[in-house]
Amino acid sequence: MINVGICYFLEDKDKLNKEKTSVLQEIYDRCLKDRIDIKESICKTENRLSEIELYLSTIEEDKEFDLKVFSPRKSEVLLKEKERIIECQEEKLKLENRKREQKSKLNQLDIQIEQLELLFKNFNDTRFKIIDVQEKERQRIARELHDSTVQNLTHLIHKIELSSMFIDQDKIRSKLELESCIKLLKTSIEEIRETIFNLRPMSFDDLGFRQCIENLIANIKLNYKNCDVQLNIFDLDQYDWKIRNKKSINLFLVTVYRIIQEAISNIIKHSEADKILLDIKCIDSDCVILIKDNGKGFSVEDTLEQNEKHFGLSDMQDRVNLLNGTIDIISECGHGTELKIVIPLI
């Protein structure tokens, strides 16, 4: 089963990330400019301090010289010199305080710049993750179309050619071949329709999240009669959304639907389970999804190391990560599997 509804959400998420990056870039540029200005100001402060310290040290030397070689000065000159010394000492004290404040601001700016650079790295990692997910979805579509529809259509061509050879010699054989072609063509049409539906479920916008989940489970029960699926669901359509707009809500719900669809599909394909529990609830501001089966289980560590062979599991984890959620997988060979997915709703 192909699951590429995430692409719709990724476009919106990528656009939002670009807007955030633009704002962060402005703050980052301002911080860099402020750091340059503060460094220049510190340099000026240190230069002025050096001048004052040089002047004061020179006065001290002059005083020592005056004591050794007495040279009377006018009281007015001595008074002005004393006032100048006091002014320099006061200025020196202010400059030292200013320098400490500037150093403190510089340290804070360095921390902010380091944090912003880390955020930029995370945004870039997210964009690369989005590209990776999209590329995997393209590979999945190409592989499934090649393995099913394309091969069926190729086989159909051969059957039609065979029918044309028998049409004059053996009309009954030719008719049977044509009937086989019709069945094969119908199968290919159904596969293409399923692919289109999985790209974007037509009923989702009209029916909503709950009904689409119920339809998914009903379809599984219809096609896999030996598998009992129990469903407990909180209707996320009724959640009191306070921040997200309508488009963002729809994209979010489609993505959650895809995660559940992928999880159920993996169970049907690989677990040999005859019982599945799907529990969807809202706890505080989180969507909590619990999926259990009584299948044969698997080694989680070994499976995750073989990402290329298990696109479903790795893609599901990528989707959960892109929604800022978490996924816990508990499984053991012969003891079934339990998935707990927690996705923030705000």
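Numbers here are sequence positions counted from 1.
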*Side-chain donor-acceptor contact under 3.5 Å, Asn97 with Glu101*: no
_Salt bridge present between Glu214 and Arg210 (N-O < 4.0 angstrom)_ = yes
_Once rounded to the nearest 0.5 Å, what's the spacing between atom CD1 of Ile289 and atom CD1 of Ile343?_
4.5 Å
*Does Thr45 reach the main-chain N or O of Ser41 with its side chain, forming a donor-acceptor pair under 3.5 Å?*
yes
_Any side-chain to backbone donor/acceptor pair from Lys221 onto Val229? Under 3.5 Å, distance only._
yes
*Without swapping roles, check the side chain of Asp286 against the backbone of Val288 for a donor-acceptor pair under 3.5 Å.*
no
*How about Ile327 and Val342: do any of their side-chain heavy atoms sit closer than 4.5 Å?*
no
*Please answer whether the main-chain N or O of Gly336 pairs with a side-chain N or O of Ser331 as donor and acceptor at a distance below 3.5 Å.*
yes
_Co-membership, hydrophobic cluster, residues Leu231 and Ile220, 4.5 Å side-chain_ = yes
_What verdict does the salt bridge (Lys or Arg N to Asp or Glu O under 4.0 Å) test give for Asp293 and Lys275, after you've listed the backbone C-alpha separation in whole Å, the side-chain angles of each residue and the deciding distance to 0.1 Å?_
CA-CA 6 Å; Asp293 70 68; Lys275 288 184 180 180; over 6 Å; no
*What distance separates Lys269 NZ from Tyr224 OH, expressed to the nearest 0.5 Å?*
8.0 Å
*asked:* Do Leu290 and Leu345 sit in one hydrophobic cluster, given that two such residues count as connected whenever their side-chain heavy atoms are within less than 4.5 Å of each other, even indirectly?
replied: no
*Heavy-atom count around Lys159 NZ within 6.0 Å, excluding the residue itself: above 12?*
yes
*Test Leu323 against Ile259 for side chain to side chain contact (heavy atoms under 4.5 Å, CB included), laying out the working first.*
CA-CA 11 Å; Leu323 291 179; Ile259 292 169; 3.9 Å; yes
_Verdict with supporting geometry, Asp279 and Lys281, salt bridge (Lys or Arg N to Asp or Glu O under 4.0 Å)_ = CA-CA 7 Å; Asp279 185 67; Lys281 61 181 69 174; 3.4 Å; yes
_Walk me through whether Asp29 and Lys33 qualify under salt bridge (Lys or Arg N to Asp or Glu O under 4.0 Å)._
CA-CA 6 Å; Asp29 291 341; Lys33 184 179 181 304; over 6 Å; no
_Ignoring hydrogens, what is the shortest heavy-atom contact between Ser163 and Ser174? Give both atom names and the distance._
O-OG, 3.1 Å
*Answer yes when Lys94 and Glu91 have at least one side-chain N-carboxylate O distance shorter than 4.0 Å, and no when they do not.*
no
_For a 4.5 angstrom cut-off between non-hydrogen side-chain atoms, does Cys287 reach Ile280?_
yes
*asked:* Quick check: closest heavy atoms across Ile52 and Cys88, and the distance to 0.1 Å?
replied: CG2-O, 3.6 Å
*Going from CG on Leu339 to CD1 on Ile330, what distance comes out if it is rounded to the nearest 0.5 angstrom?*
9.0 Å
*Under the side chain to side chain donor-acceptor pair (under 3.5 Å) criterion, do Asn215 and Gln211 qualify, and how do the steps go?*
CA-CA 6 Å; Asn215 289 351; Gln211 189 61 54; 2.9 Å; yes
*Counting distance only, does the side-chain N/O of Thr187 pair as donor-acceptor with the main-chain N or O of Lys183 below 3.5 Å?*
yes
*Is there side-chain contact between Thr326 and Ile341, with at least one heavy-atom pair below 4.5 Å?*
no
_Quick check on the hydrophobic clustering: are Leu176 and Ile182 connected, directly or via other members, by side-chain heavy-atom contacts under 4.5 Å?_
no
*Using atom types as modelled and distance alone, determine if a side-chain donor or acceptor of His335 lies under 3.5 Å from a backbone N or O of Cys333.*
yes
*Which atom of Pro344 lies closest to which atom of Gly325, heavy atoms considered*: CD-CA, 3.9 Å
*With distance as the sole test, does Ser265 use its side chain to make a donor-acceptor pair with the main-chain N or O of Gln261 at under 3.5 Å?*
no
*Looking at Ile291 and Ala263, what are the two nearest heavy atoms and their distance?*
CD1-CB, 3.5 Å
*Give a yes or no on whether Leu277 and Ile217 share a hydrophobic cluster (residues Ile, Leu, Val, Met, Phe, Trp, Tyr; joining criterion: side-chain heavy atoms under 4.5 Å apart).*
no
*Go through the steps to decide whether Glu262 and Arg258 satisfy the test salt bridge (Lys or Arg N to Asp or Glu O under 4.0 Å), and finish with yes or no.*
CA-CA 6 Å; Glu262 186 66 59; Arg258 294 302 185 196; over 6 Å; no
*In this structure, are over 12 heavy atoms from other groups packed under 6.0 Å from Ile172 atom CD1?*
no
*For residues Phe209 and Ile260, report the shortest heavy-atom separation together with the two atoms involved.*
CZ-CD1, 4.2 Å
*Given side chains that start at C-beta, do those of His155 and Gln151 come closer than 4.5 Å, heavy atoms only?*
no
*SG on Cys227 to CD1 on Ile267, rounded to 0.5 Å*: 8.0 Å
*Does a side-chain heavy-atom distance below 4.5 Å link Gln89 with Ile85?*
yes
_For the student: nearest non-hydrogen atoms of Ile38 and Gln102, plus distance_ = CG2-O, 3.6 Å
*Less than 4.5 Å apart, any side-chain heavy atom of Asp228 and any of Ile276?*
no
*Please check if atom CG in Asn107 has more than 12 non-hydrogen atoms from other residues, nucleotides or ligands closer than 6.0 Å.*
yes
*Spell out, yes or no, whether Ile36 and Leu106 are grouped together once hydrophobic residues are joined by side-chain heavy atoms under 4.5 Å, including indirect joins.*
no
*asked:* With side chain to side chain contact (heavy atoms under 4.5 Å, CB included) as the criterion, how do Ile113 and Arg35 come out once you've worked through the C-alpha distance, each side chain's angles and the decisive distance to 0.1 Å?
replied: CA-CA 9 Å; Ile113 289 169; Arg35 183 167 66 176; 3.6 Å; yes
*Is the backbone N or O of Asp274 less than 3.5 Å from a side-chain atom of Asn294, with the two atoms forming a donor-acceptor pair by type?*
yes
*Run through Lys99, Lys44, Arg98 and flag the one making a side chain to side chain contact (heavy atoms under 4.5 Å, CB included) with Leu49.*
Lys99
*Leu178 and Lys175, any side-chain heavy atoms less than 4.5 Å apart*: no
*Starting at CD1 of Ile27, measure out to CD of Gln112 and round the result to the nearest 0.5 Å.*
9.0 Å
*asked:* Using 0.5 Å steps for rounding, measure from the NZ atom of Lys292 to the CD atom of Glu338.
replied: 4.5 Å
_Chi angles and distances behind the side chain to side chain contact (heavy atoms under 4.5 Å, CB included) call for Ser104, Gln108_ = CA-CA 6 Å; Ser104 176; Gln108 291 175 359; 4.0 Å; yes
